[in-house]
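Heads up, the thing below is written out as structure tokens.
In what follows, every heavy atom counts, from backbone to side chain, and hydrogens, waters and symmetry copies are set aside.
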Amino acid sequence: MFSIFWHLFFFDPIYNLFIFILNHVRGGDVGIAIILLTILIKVLLLPLSLRAAKTQYAMHTLEPELARIKETHTGNREKIAKETMEAYKNAGINPFASILLTLIQIPILISLYFSVSRGGGVALPNINTALLYAFVPAPETVDMIFLGIVDIAAKSLPLALLAGITQCMHTKLTLPVLAPREETAEPKSNFKDDFARSMQIQMRYVMPAVIFFVAYRFSATIALYFLISNIIAIGQEYVVRRHIPTQGLEKKS
């Protein structure tokens with residue numbers, strides 16, 4: 001049952017779209033086809049991406065209100081949760097937008113990797129014609145060397161490094177500056193603040209390292225997807241900043 005669902009909604013559509021694009025790439029350069037496919041996927045996900053970005057900004061404006069709710073109903077988790085969700089609703093915010101965007105991209109990324117490395121049992125440069133839709137012909141030429149330099153099916157340290165660096169740049173743009181710790185005669189332990197600080201540090205430094213490791217561990221296919229995705233996300237971040245009022249939002253680094 002899972003196999004049918006996987007092929008029907010994820011792998012077969014991505015594989016056919018990839019082969020369709022490859023048919024229109026001069027010389028059958030698989031790397032260029034991956035770039036074009038990544039851009040197309042990002043365009044299709046643009047409404048959700050913009051909503052996630054706007055939600056992130058809007059949530060900063062709600063921080064004083066959320067703090068007031070927690071202070072007013074200290075110890076009453078049910079009341080805090082209810083009023084927090086009401087605050088999100090009144091502000092037109094979906095706090096799960098970013099999670100949904102990430103979840104959608106996971107099967108797409110896996111499908112793209114399998115399309116290049118396995119292709120339903122047949123790895124490129126060979127084409128699994130049994131998976132192709134009637135209107136998608138098999139390409140005459142398939143070039144696995146991206147721009148004549150990088151073997152797209154092999155590991156690529158330069159592309160993996162670029163993927164990690166661009167992830168670091170994007171993370172730095174989207175996360176607020178860490179607030180300095182308050183220096184008092186008797187240091188106070190605040191679990192909430194310590195947890196938030198820990199999560200931000202992990203997002204800033206651990207996430208780029210994870211992206212680098214994954215991008216290098218599998219193949220240049222994954223590295224190229226991450227690299228192009230991050231470049232688009234960075235550009236999108238600047239566009240969102242220009243079109244969303246930033247008054248009252250915490251300054252970004």
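Within the 3.5 Å criterion, the main-chain N or O of Leu8 finds no donor-acceptor partner in the side chain of Asp12. Panel note: side chain Asn23, backbone Pro137; a donor-acceptor pair is recorded below 3.5 Å.
The shortest distance between side-chain heavy atoms of Phe226 and Thr166 does not fall below 4.5 Å. At least one side-chain heavy atom of Lys82 sits less than 4.5 Å from a side-chain heavy atom of Glu86. Counting heavy atoms from C-beta outward, Thr171 and Gln167 have side chains that approach closer than 4.5 Å. Counting heavy atoms from C-beta on, the side chains of Ile145 and Ile152 never come closer than 4.5 Å. Side chains of Ile35 and Phe146 form a contact here, defined as non-hydrogen atoms less than 4.5 Å apart. Using a 4.5 Å heavy-atom threshold, the side chains of Tyr225 and Asn230 count as separate. In this structure, Asn128 and Leu131 have side chains that are in contact, with non-hydrogen atoms separated by less than 4.5 Å.
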Taking it one step at a time, do Leu157 and Phe212 satisfy side chain to side chain contact (heavy atoms under 4.5 Å, CB included)?
CA-CA 9 Å; Leu157 181 59; Phe212 165 75; 3.8 Å; yes
Test Leu36 against His24 for side chain to side chain contact (heavy atoms under 4.5 Å, CB included), laying out the working first.
CA-CA 10 Å; Leu36 295 176; His24 294 81; over 6 Å; no
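Looking at every heavy atom in both residues, Ala33 comes nearest to Phe18 through CB-CE1, 3.7 Å. When all heavy atoms are compared, the tightest approach of Pro107 to Trp6 is O-CH2, 3.8 Å. Pairing each heavy atom of Ala220 with each of Ser156, the nearest pair is CB-CB, 3.9 Å. The two residues Ser117 and Ala123 have their closest heavy-atom pair at O-CB, 2.9 Å. Nearest heavy atoms, Ile69 versus Glu83: CD1-O, 3.7 Å. The two atoms that bring Ala163 and Ala215 nearest to each other are CB-CB, 4.2 Å, heavy atoms only.
If you take CD1 on Ile32 and CG on Asp143, they are separated by 9.0 Å, rounding to the nearest 0.5 Å. Expressed to the nearest 0.5 Å, how far CD1 of Ile127 lies from OG of Ser115 amounts to 10.0 Å. Of the inter-residue distances, the one linking Asp151 atom CG with Met144 atom CE reads 6.0 Å to the nearest 0.5 angstrom. Separating the CD1 atom in Ile104 from the CG atom in Leu45 is a distance of 6.0 Å, to the nearest 0.5 Å. From Ser111, atom OG reaches atom CG of Leu17 across 11.0 Å, with rounding to the nearest 0.5 Å. Met169 CE to Lys172 NZ: the interatomic distance, rounded to the nearest 0.5 Å, is 9.0 Å.
Between Phe5 and Phe9, the ring planes are tilted. Angles from 30° to 60° get that label. Ring orientation note: the planes of Tyr133 and Phe135 are tilted relative to one another, at an angle of 30° to 60°. Below 30°, between 30° and 60°, or above 60°: for Tyr113 and Phe218 the angle between ring planes is above 60°, a perpendicular geometry.
Side-chain heavy atoms closer than 4.5 Å link hydrophobic residues (I, L, V, M, F, W, Y) into clusters, and following such links, possibly through other members, connects Val116 to Ile14. Hydrophobic clustering keeps Phe213 apart from Leu161 (ILVMFWY residues linked when any side-chain heavy atoms are closer than 4.5 Å, directly or through intermediates). Note: the hydrophobic cluster containing Leu109 also contains Leu159 (ILVMFWY, side chain heavy atoms under 4.5 Å, direct or indirect links). Cluster annotation: Val214 and Ile211 are assigned to the same hydrophobic cluster (Ile/Leu/Val/Met/Phe/Trp/Tyr, side-chain heavy-atom contacts under 4.5 Å, transitive). Note: the hydrophobic cluster containing Leu227 also contains Val210 (ILVMFWY, side chain heavy atoms under 4.5 Å, direct or indirect links).
The local environment of CZ in Arg217 is sparse, with at most 12 non-hydrogen atoms from other residues, nucleotides or ligands closer than 6.0 Å. Annotation for Ile4: atom CD1 does not count as buried by contact number, only 12 or fewer foreign heavy atoms lying within 6.0 Å.
Partners of Lys155 under the salt bridge (charged side-chain N to carboxylate O under 4.0 Å, His left out) rule, at least two apart in sequence or in another chain, do not exist in this structure.
Within the structure, side-chain hydrogen bond (donor to acceptor under 3.5 Å, both in side chains) contacts touching residues 27-45 (residues at least two apart or in different chains) are Lys42-Gln105.
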